[in-house]
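Given the structure is predicted, the values throughout are model-derived calculations rather than measurements.
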Amino acid sequence: MASVYLLKGTVYQALDNHQFAAQCFKLALKEDPYCVEAYENLVYNHYYTGKCEEEIITDTIDNSDDLTAEETELIRFLYSGMSKKYHNQQKQVVPNTLTCFSNYVTVLTSQAERRQVR
């Protein structure tokens, strides 16, 4: 079902109906927390403020009963790295269970962007 919402959001986006597109992308995330494309569309099209993006991450994780603690930590870490940096200037700390990601270019870039905003 998440892929249907993602496709529907993409169609609305192409039709410049951004309100419905954002709603569809949020529904896609509720259906499948791993639907990175939906979160990317919300973030990169600037549909929401940084604070709202954090709320979306929390809602996505809290409403999914199927996620383990490690999966929750992974999703929160990866999605927060894509979120806007200006409202939350804290250093993005790599969780202990995810240290294998600490030298990935996207993680290092996200950390550098947060430092630049300070």
Side-chain angles (χ1 to χ4, degrees):
M1 195 65 184
S3 58
V4 172
Y5 286 127
L6 179 65
L7 181 61
K8 196 173 174 182
T10 305
V11 170
Y12 279 129
Q13 188 175 354
L15 295 171
D16 287 331
N17 193 336
H18 301 291
Q19 182 179 1
F20 285 123
Q23 288 175 355
C24 289
F25 293 138
K26 282 177 69 174
L27 288 171
L29 276 173
K30 283 185 180 183
E31 289 292 321
D32 180 11
Y34 288 107
C35 190
V36 177
E37 296 91 345
Y39 191 73
E40 284 177 341
N41 277 300
L42 288 171
V43 172
Y44 296 138
N45 290 305
H46 305 286
Y47 288 135
Y48 295 103
T49 63
K51 186 175 181 177
C52 290
E53 289 172 1
E54 284 184 0
E55 290 172 4
I56 291 169
I57 295 170
T58 302
D59 288 345
T60 299
I61 291 170
D62 290 346
N63 291 330
S64 181
D65 299 330
D66 300 334
L67 297 176
T68 66
E70 291 167 340
E71 290 171 323
T72 299
E73 196 172 35
L74 174 67
I75 289 173
R76 184 175 302 283
F77 174 70
L78 294 177
Y79 285 178
S80 67
M82 288 188 276
S83 298
K84 293 175 180 58
K85 289 19 174 210
Y86 58 83
H87 77 287
N88 183 2
Q89 299 174 5
Q90 297 173 357
K91 181 180 179 185
Q92 185 183 24
V93 179
V94 180
N96 291 335
T97 57
L98 303 173
T99 54
C100 59
F101 293 111
S102 60
N103 290 325
Y104 277 38
V105 172
T106 53
V107 173
L108 295 173
T109 303
S110 175
Q111 290 173 341
E113 288 172 346
R114 287 184 192 276
R115 283 189 207 114
Q116 183 179 10
V117 172
R118 286 188 210 172

inquiry  = As an exercise, state the distance from OG1 of Thr72 to CG of Asp66, rounded to the nearest 0.5 Å.
reply    = 10.5 Å
inquiry  = Quick check: do Cys24 and Leu6 have side-chain heavy atoms less than 4.5 Å from each other?
reply    = no
ask   = Under 4.5 Å between side-chain heavy atoms, hopping through other hydrophobics if needed: is there a path connecting Ile56 to Leu67?
value = yes
query = Can you tell if the side chain of Lys26 reaches within under 4.5 Å of the side chain of Leu42, non-hydrogen atoms only?
reply = yes
Pairwise side-chain contact, Thr58 with Arg76, heavy-atom cut-off 4.5 Å (strictly under) = yes
request  = Applying side-chain hydrogen bond (donor to acceptor under 3.5 Å, both in side chains), run through Tyr12 and Gln19 and close with a yes or a no.
outcome  = CA-CA 8 Å; Tyr12 279 129; Gln19 182 179 1; over 6 Å; no
ask   = Where do Ala21 and Gln13 come nearest, in terms of heavy atoms and distance?
value = CB-N, 3.7 Å
key: Heavy-atom closest contact (Ala28 atom, Ala38 atom, distance)   = CB-CB, 3.9 Å
request  = Verify, without hydrogens or angle tests, whether Tyr39 (side chain) and Phe25 (backbone) share a donor-acceptor contact under 3.5 angstrom.
outcome  = no
key: ILVMFWY network linking Val43 to Tyr5, side-chain heavy atoms under 4.5 angstrom   = no
message = Contact between Ile57 and Glu55 at the side-chain level, heavy atoms closer than 4.5 Å - yes or no?
response = no
inquiry  = Once rounded to the nearest 0.5 Å, what's the spacing between atom NZ of Lys8 and atom OG1 of Thr10?
reply    = 12.0 Å
ask   = To the nearest 0.5 Å, how far apart are SG in Cys35 and CD in Glu40?
value = 9.5 Å
query = Is there a chain of hydrophobic side chains (I, L, V, M, F, W, Y, each step under 4.5 Å between heavy atoms) that links Ile75 to Val36?
reply = yes
request  = Answer yes or no: is there a donor N or O on one side and an acceptor on the other, between the side chain of Glu71 and the main chain of Thr68, under 3.5 Å?
outcome  = yes
inquiry  = Between Asp59 and Leu29, is there a side-chain heavy-atom distance shorter than 4.5 Å?
reply    = no
inquiry  = Grouping I, L, V, M, F, W and Y whenever their side-chain heavy atoms are under 4.5 Å apart, do Tyr79 and Tyr44 come out in a common cluster?
reply    = yes
ask   = Got a second to check how far Glu37's CD is from Asp32's CG, nearest 0.5 Å?
value = 9.0 Å
key: Criterion side-chain contact (heavy atoms from CB on, under 4.5 Å) on Asn45 and His18, from CA distance to verdict   = CA-CA 9 Å; Asn45 290 305; His18 301 291; 5.9 Å; no
